[in-house]
Amino acid sequence: MTTLSTPDATQTTLTTMTVMPSGKSYEVATGTTLLKALQAAGEPIKTKCGGEAKCEACHVFVTSGRKTLSRIKPAENEKLDGMVGISSNSRLACQAVIGTEPITVELIA
């Protein structure tokens with residue numbers, strides 16, 4: 001498991017993020033978006049809008065730990081509603097803020 005560097009690790013709460021299909025696990029700071037955590041881990045996540053919920057590039061499936069993520073806000077919900085191939089596990093990585101429980105994220109090729 002890899003621990004990603006945080007600005008002040010002594011005051012940061014960490015949780016585990018497992019990424020599929022690589023199967024790698026990382027210790028990530030709670031309160032961070034999935035997009036930032038995935039980018040810091042070096043995982044191949046795309047973004048076109050810079051985290052504004054204006055594109056579909058960072059669409060991921062959260063296969064476990066969905067309830068620990070932040071609630072879906074109107075901008076994310078609106079974008080997801082217009083997308084093809086979504087499921088109840090779908091989130092935009094730029095909008096989903098990591099909570100305290102471990103999560104598993106599946107990247108979409």
Side-chain angles (χ1 to χ4, degrees):
M1 182 171 323
T2 303
T3 300
L4 303 177
S5 62
T6 57
D8 184 0
T10 60
Q11 295 186 8
T12 302
T13 303
L14 300 176
T15 192
T16 303
M17 173 181 72
T18 302
V19 181
M20 301 307 283
S22 73
K24 294 179 182 176
S25 293
Y26 307 92
E27 290 291 314
V28 297
T30 60
T32 303
T33 66
L34 276 176
L35 179 64
K36 288 182 181 178
L38 289 163
Q39 288 173 328
E43 291 287 342
I45 183 78
K46 298 175 187 171
T47 181
K48 294 179 183 174
C49 70
E52 300 288 322
K54 294 181 181 176
C55 73
E56 304 170 7
C58 69
H59 175 226
V60 296
F61 293 119
V62 180
T63 57
S64 70
R66 285 190 335 263
K67 292 183 179 182
T68 196
L69 295 175
S70 60
R71 295 179 62 100
I72 295 176
K73 294 182 181 173
E76 180 182 8
N77 193 47
E78 184 177 315
K79 182 50 73 178
L80 288 171
D81 280 347
M83 291 172 55
V84 175
I86 65 162
S87 76
S88 60
N89 295 340
S90 290
R91 290 299 302 262
L92 295 179
C94 68
Q95 300 298 300
V97 177
I98 299 170
T100 58
E101 299 298 318
I103 60 170
T104 302
V105 179
E106 182 179 341
L107 300 180
I108 302 166

- Can you list every side chain to side chain donor-acceptor pair (under 3.5 Å) pair that touches residues 98-109, not counting sequence neighbours? S64-T104

- Between atom OG of S87 and atom CG of L80, what is the distance when rounded to the nearest 0.5 Å? 9.5 Å

- Measure the shortest side-chain to side-chain distance between L34 and V62 over non-hydrogen atoms and say whether it is less than 4.5 angstrom. yes

- Looking at residues at least two apart in the chain, or sitting in another chain, which of them share a side-chain hydrogen bond (donor to acceptor under 3.5 Å, both in side chains) with S90? H59

- Under a 4.5 Å cut-off applied to non-hydrogen side-chain atoms, are V19 and L107 in contact? yes

- Query: Who passes salt bridge (charged side-chain N to carboxylate O under 4.0 Å, His left out) against R91, sequence neighbours left out?
  - Reply: E76

- Note on the structure: Correct closest heavy-atom pair for Q95 and S70 would be O-OG, 3.4 Å

Could you tabulate the donor-acceptor pairs under 3.5 Å formed by side-chain atoms of residues 37-55, not counting sequence neighbours?
from	atom 1	to	atom 2	distance (Å)
E43	OE2	S22	OG	3.2
E43	OE2	Y26	OH	2.6
T47	OG1	G50	N	3.4

- Task: Provide the closest heavy-atom pair for T18 versus S25 in the form atom of the first, atom of the second, distance.
- Result: OG1-OG, 2.9 Å

- Looking only at heavy atoms, which two atoms of L69 and A96 are closest? And how far apart? CD1-CB, 4.1 Å

- Indicate yes or no: at least one non-hydrogen side-chain atom of L92 is less than 4.5 angstrom from one of M83. yes

- Task: Tell me, please, which residues at least two apart from N89 pass side-chain hydrogen bond (donor to acceptor under 3.5 Å, both in side chains).
- Result: R66

- Task: Please round to the nearest 0.5 Å and tell me the distance separating atom CD1 of I86 and atom NZ of K79.
- Result: 12.0 Å

- Query: Remaining members of I108's ILVMFWY cluster at a side-chain heavy-atom cut-off under 4.5 Å?
  - Reply: F61

- Would you indicate whether the side-chain heavy atoms of I98 and T68 approach each other to under 4.5 Å? no

- Can you find a heavy atom in the side chain of T16 that is under 4.5 Å from one in the side chain of E27? yes

- Item | Minimum heavy-atom distance C94-C58, with the two atoms named | N-SG, 3.4 Å

